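One structure is given below, encoded as structure tokens.
All values below come from the heavy atoms of this structure, side chains included, with hydrogens, waters and symmetry mates left out. Every chain is numbered from 1 and lettered A, B, ... according to where its sequence line falls, protein lines coming before strand lines. What you see is a predicted model; the values in this text were computed from it and never measured.
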Amino acid sequence: MLAYFVKRLGLAVIIVSVAMLMLFCMIYAIPGDPAAVALGPRATDAMREALRIKMGLDQPIWVQFWNFFTGAWTGDLGREVLSDRPVLGVVLEQLPFTLALIAGGIIWSVALGIPLGCFAAIRRGSLADRIVGILSVAVIAVPSFVIAIYALLIFAVQLRWLPAIGAGEPGDLGDQLFHLILPSLAVGLGWVGYIARMVRASMLEVLEASHIRTARAFGLPDRQITYRYALTIAVLPTVTLLGVGIGQMLSSAVFAEIVFARPGVGKLVYDAILTRNFPLVTGTVLVTTVLFVMLNLVADLIVGALDPRVRSSF
Amino acid sequence: MTVLSISNLNVVFSTEDGPLHALKDVSFDVPANRIVGIVGESGCGKSTLINAILGLLADNGHIDGGAIRFEGDTDLTTLGPDAMRDLRGPRIATVFQDPMGALNPVLSVGAQMVNIQYRSGRSKAEKRARAVEMLEQVRIPDAAAAIKRYPHEFSGGMKQRIAIAMALMMEPALLIADEPTTALDATLEVATIEMLKDLQQKIGCSILFISHHLGVIAELCDDVVVMYAGEVVERGTTRAIFNDPRHPYTARLLECDPARQTERTRNLPTIPGEIPDLRARPPGCIFANRCHRREDVCARPPPDIQIGGGHAARCHLADMPEMEVAP
């Protein structure tokens, strides 16, 4: 188990390093002088040259990359242009809001998707199964920002059940959770569909397995067979799917944060792009990459915890 | 006393092309403390028969007449799902063919063996101790540690022995063994058969043993039921069936056993033809289209002719044993 973890961690380091290289190349390929962009049109040549030296842009490209690379690994992502604060600090300040949003999205999708998929599988071919199927495809097909806007219109503006904007009073957990309901639903609703389809398919497969027939032949109660013997196996692909799906949820989170005017990494990167605050864009992308890789690792570890076959192959 | 008595059992599956008569007028008995073997080719209705007894027929299948009497008067065909579930496990236990897939992959062997004792009222520690004891009886090394392990950590032969231990732990009146040794290699097969026989003596249950391996049947079983295309074509004691087969199908099946082959040959004997379409059963004898002794009378439904001593064959010509034809 430990050896597997170390191996996966090594792989994660490689993935993040490659991501850094690609990110660096992308920034380098963007036309225009970063110093000129940072200083704006009214700066003098002398000022630009001074900033170029300060930012290390006069160095050869491989030195620049090395500085970026070692800096990033030691937590130095540079300083953002507008307030001159360290980028890492700014991003980490916003990260909890986005993490809460994604966690909320996962909770919505799992809490609705798994029971719906399970229900559809048990009542295969029934009207309920078909309704769940159609709804699943529908919520998969609708983009999350559309869901966000409609959720806002219906529940916040028309019905006034839930707050429309913001993340709630700082320090008031109840209020913050209350503000999280709609945005996290917007992030997670599409995934309810994915997970329901996935659980239904794998549940149907597992229920045909011969070990389920054995369980029936020993007269185990239906509930135990469904939930303990079948569902524990049927949810495994879902966990892996969610691990990969975190990336898509991150992009949904960007829209949700903009629509609901919530603080968070998505809002941060959106504002950074509008103000051409490139160090902040780079830093945010890098932090979310690390986040994505780490959550993937967590998903794999969860699969290992649930499936002894995977565990022993570690 | 008879543990299981099946009379005129019919099972029909509804398919897109119309009803499929999978079992037709199946009758035989499993007496107490005896091992009854069922032989037949693939698709002869062995699995359907087991599922019908267990009340686990697929959704599109139903029992269309006949009775399955278990331990006296209880007719399993009339029991509701709950009553049927109460019998599965404690009274009728089953060992399935596929040892690789028969155990749940994400639950430890111990957990599965404890779970199936849920009706016993014992404490968890007692259930665990019982599981260890059964694993020792089927000679799983270091049983106390083995119950903590998962199915994939055992070999195929060990998994099959665990499945047997699970079934016999229930101390059932009837053990259904569905080709329990088919997936094992020859040496393991013999060891498993010996073990099954020992444990059957110890517990005092009856066994319904399904196999297409005639050697195993001859070795293990007291009585034999020969099935063809969903019908019992012949039944009797093992001795009677193997020494004095009266149905042409039984005779041909025995000839096809490679173990009976005394001469070196390139082509093993086969029975020409195929099982007829069960959606359109012929009105007469089901085997007629492949039978080497076919006569005009075979176009009429054959009676179950009693030869004596429980030996019966569903063939017009059962009273006239086949003459040895001079080469």
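How far CD1 of Ile233(A) is from CG of Leu107(B): 7.0 Å, rounded to the nearest 0.5 Å. In this structure, CD in Gln112(B) is found 5.0 Å from OH in Tyr229(A), a value given to the nearest 0.5 Å. Rounding to the nearest 0.5 Å places CZ of Phe218(A) at 12.5 Å from CD1 of Ile92(B).
With a 4.5 Å cut-off on non-hydrogen atoms, Asn51(B) touches chain A through its side chain but not through its backbone.
Contacts of residues 125-138 of chain B with chain A at a heavy-atom distance below 4.5 Å are absent; not one residue qualifies. Using non-hydrogen atoms only and a strict 4.5 Å limit, the part of residues 151-174 of chain B facing chain A consists of His152(B), Met166(B), Ala167(B), Met170(B). By a heavy-atom distance cut of under 4.5 Å, Asn115(B), Ile116(B), Tyr118(B), Arg119(B) are the residues of residues 114-122 of chain B near chain A, going up by number. Using a 4.5 Å cut-off between non-hydrogen atoms, the part of residues 194-214 of chain A that approaches chain B consists of Ser210(A), His211(A), Arg213(A), Thr214(A).
Heavy atoms of other residues, nucleotides or ligands lying less than 6.0 angstrom from CZ of Phe70(B) number more than 12.
Judged by distance alone, with hydrogens and angles left aside, the side-chain atoms of Arg88(B) form a donor-acceptor pair with the main-chain N or O of Arg216(A) at under 3.5 Å.
Counting heavy atoms from C-beta on, the side chains of Asn104(B) and Arg228(A) never come closer than 4.5 Å.
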